Student: 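I have a structure here, written as structure tokens, and I will follow up with some questions on it.
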Amino acid sequence: MTDDQPTEPNPRGLLTALRTCRLAIDLVAGAARRELIVTVVLSLVGGVLTAAELLVGRRLVSLLVAADRAASNAPSTTTSTTTAGDLVPWLLALAALLIAGSLVTAAVSEIRLLLNELVYQRAVSQLLEAATAAELETFDDPDFHDSIQRARESANQYAWQVVWGMVTLLTTALTVAAVGVVLLTVAPLLVPVALIAYIPIALVSIRNTRALYQLHFGLAELDRDRAYHERLLTGRLEAKEVRAFGLAPWLRARHDALFTERIARTRKVLGRRTALALLGSSVTSAMLVFALAVVAFLTLDNRLRVADAAVAVVAFRQLSSRLASMGNAMTSMFEGVTFLRNFESFRRLVPTRREPVAAVTPPRRPSTITVEGLSYHYPAGDTPALSAINLTLRPGQVVAIVGPNGSGKSTLAKLLCGLLPPTSGAIRWDDVNIADAHPEHVRALVAPVFQDYTRYEHTAREAIGFGNLANIDNVDAITTAAHQAGADTFLQSLPNGYDTRLSTAFAGGVDLSVGQWQRLAIARAFLRDAPLVVMDEPAASLDPRAEVDLFERLHELGQNRMVVFISHRFATVKRADHILVLLDGHVAEEGTHDDLMAHRGVYHDLYTLQAAQFG
């Protein structure tokens, strides 16, 4: 998918349009079925009231015209046949209709606000459901992020736009029929004129909607880039470096340049849209003025009575107004269908979760985890990140993975965690290939600590509890995990202890140091009673004493678990039971520290270099 190939649906594709309309109806009805039904009923009532107002108004005009003619033709001593008593019931009826119409309009307006919020909630919910269903590797695809951007923009506004357009078409059609019947009885020529007059505007609306869609399609990546620079300039975590390096002017210039380009593209498209809209409106207005001129000339020629002429003008104005509403509704529907296709396309684009080939479940406590010929190739990569990796893990064993940057260490960690599907090879828990199991079943049995761990700006209890949601309210389990990670002391000293919000962006919140954040990430892993612990640079932000303490705890906690950790600190690595040395995605060496030092290969060189650096 590229910006020069927008997936715009063909407006003539009726089935596509109907399918997207159904998507919109399902979205709105699923969000607020009761409110939608009430809105439709009230809108229908509003249409009936408008038609009734016209009929009552016609009766009042007839009575007044009759009274005027009687007064003009009769002697001054003769009273008019139309009395005030004749007018009062019709005036009261008109007043009641106008009040009822106002109440209906106000009610529909208020319900529409609520509907917008409910639809937005459901649309975002479905968007998040689709996004979280995507596998990890999907997030490396720029088209995926563009589709999220378009879907986010389309889901709320345009789902409602389609349904509102359909409701407006339905209710307006009733009013148009009623007004058309009245107009046919007094000036039938005006009906086809009114219908034909709005053809230019309809054609212009379709063309302008296409242009707007193509504009927004092409702006998706630019808008993501602009939003990224905006986040750099306003984010709390980014604020330090932006100020320390004096980046604000450069970032502002890049942000403003992207915004300027967006405005330039928008201005160009809107200029063409405005010119077309003016042309269509001019043609339509000319035809309407011509129709009214015909009514005026017929009245002057006494071929049309004044009362009928007055009714014709009012009815024609009503018909014109309703046709304009129908035109706007059709434009709204077409525009909504066009844009809502982005939302539908995103939901189809997102790969479904990897379902198990067979009904297998990894063993809760495997006796071994075997990595056999494991390879992985990133979709956007030129070369494999890992090739033919073999490894065996056993309970009570601590395995270290080392190697230069880019050697595939973090990729191997993600594969062990079940976050990436192997390109080839297998990971077996006893005799179960985890590729045949549901990914969530595998992930539930792994306790990870990632190098780029997430700083959850929730309470400290929740930030640890996310490691095992079943224990998120288990205070004892959470404090135990915090104690094991060396985090209990500083968490207890927070203003509200474990219930302190971990962000100064919220009232009463505090921030933590980098090392404290890392201890929380480790505590999350300790909270999960998993047979496999995978830690990617778990001590990167810890001081030497805390690092030694952590690995002493790891050996204690790993007595019944398999522990895999990645580290560049060889003083810690040498304490591992087994060491795997990766180089360019391959296993260069493996063994114990003593074995590898005696081998005098890559590990020996890396260890000696670091040892010499620290004396």
Side-chain angles (χ1 to χ4, degrees), residues 120-121 124-125 127-134 136 139 145 148-149 152 224 226-244 247-248 251 410 414 417 419 443 446-528 535-543 546 550:
Y120 178 65
Q121 180 189 34
V124 170
S125 177
L127 182 69
L128 295 178
E129 181 180 359
T132 53
L136 183 64
F139 284 82
H145 293 281
I148 288 181
Q149 176 81 10
R152 185 184 293 116
R224 282 196 299 111
R226 180 179 58 82
Y228 167 69
H229 283 82
E230 184 177 325
R231 187 168 67 252
L232 287 178
L233 288 163
T234 59
R236 180 176 64 87
L237 295 178
E238 296 84 357
K240 298 187 295 296
E241 286 204 12
V242 168
R243 282 152 182 77
L247 301 178
L251 293 174
S410 294
K414 293 172 186 175
C417 291
L419 295 172
R443 295 166 191 168
V446 181
V449 177
F450 298 111
Q451 184 176 4
D452 49 351
Y453 54 85
T454 301
R455 301 185 180 190
Y456 295 103
E457 296 183 353
H458 294 72
T459 64
R461 175 180 57 80
E462 292 168 335
I464 296 175
F466 288 160
N468 185 353
L469 289 175
N471 283 327
I472 195 168
D473 294 319
N474 188 334
V475 176
D476 291 338
I478 288 173
T479 53
T480 298
H483 177 74
Q484 291 171 341
D488 180 65
T489 301
F490 71 81
L491 290 178
Q492 291 281 12
S493 66
L494 295 178
N496 294 312
Y498 280 78
D499 290 321
T500 303
R501 191 75 182 261
L502 301 180
S503 173
T504 55
F506 299 96
V510 300
D511 198 3
L512 302 179
S513 69
V514 176
Q516 289 172 332
W517 277 115
Q518 187 151 32
R519 285 183 182 272
L520 249 66
I522 297 169
R524 271 198 297 277
F526 287 170
L527 182 66
R528 176 169 289 193
M535 313 183 85
D536 189 354
E537 294 288 357
S541 301
L542 301 182
D543 58 62
L550 169 65

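All values reported here derive from a predicted model rather than from experimental measurement.
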Student: Determine the minimum heavy-atom distance between Gly497 and Ala460, stating which atoms define it.
Tutor: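 Scanning both residues completely, I find the closest heavy atoms to be O-CB, 4.5 Å.
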
Student: Quick check: closest heavy atoms across Ala523 and Ala481, and the distance to 0.1 Å?
Tutor: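 Scanning both residues, the minimum pair turns out to be O-CB, 3.5 Å.
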
Student: Do the side chain of Arg461 and the main chain of Val475 share a donor and acceptor less than 3.5 angstrom apart?
Tutor: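 Here the side-chain-to-backbone pair does not exist.
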
Student: Are the side chain of Arg528 and the backbone of Val446 linked by a donor-acceptor contact shorter than 3.5 Å?
Tutor: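 It does hold such a pair.
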
Student: Would you say the side chain of Leu512 lies within less than 4.5 Å of the side chain of Arg455, judging by non-hydrogen atoms?
Tutor: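 In short, these two side chains do not touch, never coming nearer than 4.5 Å.
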
Student: First locate atom CZ of Phe490, then atom CZ of Arg519, and finally report the distance between them rounded to the nearest 0.5 Å.
Tutor: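 These two atoms lie 7.0 Å from each other.
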
Student: If every non-hydrogen atom of Val449 is compared with every non-hydrogen atom of Ala521, which pair is closest and at what distance?
Tutor: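 Smallest heavy-atom distance, with atoms named: CG2-O, 3.7 Å.
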
Student: Is the shortest heavy-atom distance from the side chain of Asn474 to the side chain of Leu527 under 4.5 Å?
Tutor: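 No; the side chains remain at least 4.5 Å from each other.
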
Student: Out of curiosity, Ile464 CD1 to Phe526 CZ, how far, rounded to the nearest 0.5 Å?
Tutor: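 The CD1 atom of Ile464 sits 11.5 Å away from the CZ atom of Phe526.
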
Student: State whether the side chain of Arg443 and the backbone N or O of Cys417 hold a donor-acceptor pair below 3.5 Å, judged by distance alone.
Tutor: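 Not a single qualifying donor-acceptor pair exists.
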
Student: Checking side-chain polar atoms at under 3.5 Å, does Asp536 have a donor or acceptor matched by the opposite partner on Ser410?
Tutor: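 Their side chains do contain a donor-acceptor pair, which is all the 3.5 Å distance test asks for.
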
Student: Working to the nearest 0.5 angstrom, can you tell me the gap between Glu462 CD and Asp473 CG?
Tutor: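 The distance works out to 8.5 Å.
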
Student: Could you tell me which non-hydrogen atom of Ala447 sits nearest to which non-hydrogen atom of Ala525, and how far apart they are?
Tutor: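 In this case the closest contact between Ala447 and Ala525 is CB-O, 3.3 Å.
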
Student: Would you mind reporting whether Leu520 and Phe466 have side-chain heavy atoms less than 4.5 Å apart?
Tutor: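 Phe466 does not reach Leu520 side chain to side chain.
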
Student: Side chains of Ile478 and Tyr498, heavy atoms from C-beta outward: is any pair under 4.5 Å?
Tutor: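 Yes, at least one pair of side-chain atoms sits under 4.5 Å.
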
Student: Return yes if some donor-acceptor pair links the side-chain N/O of Gln518 with the main-chain N/O of Glu537 below 3.5 Å, else return no.
Tutor: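 Yes, the answer is positive, given that a donor and an acceptor are paired below the 3.5 Å cut-off.
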
Student: Rounded to the nearest 0.5 Å, how far does NE2 of His483 lie from CD of Gln492?
Tutor: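 Going from CD on Gln492 over to NE2 on His483, the span is 11.5 Å.
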
Student: Just checking Phe506: does its CZ atom have more than 12 heavy atoms from other residues, nucleotides or ligands closer to it than 6.0 angstrom?
Tutor: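 Yes, because the 6.0 Å sphere around CZ of Phe506 holds more than 12 heavy atoms from other groups.
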
Student: Just do the side-chain contact (heavy atoms from CB on, under 4.5 Å) check on Ile522 and Met535 with the steps written out, would you?
Tutor: CA-CA 8 Å; Ile522 297 169; Met535 313 183 85; 4.0 Å; yes

Student: Take Leu502 and Leu494, measure what side-chain contact (heavy atoms from CB on, under 4.5 Å) needs, and give me the verdict at the end.
Tutor: CA-CA 10 Å; Leu502 301 180; Leu494 295 178; 4.0 Å; yes

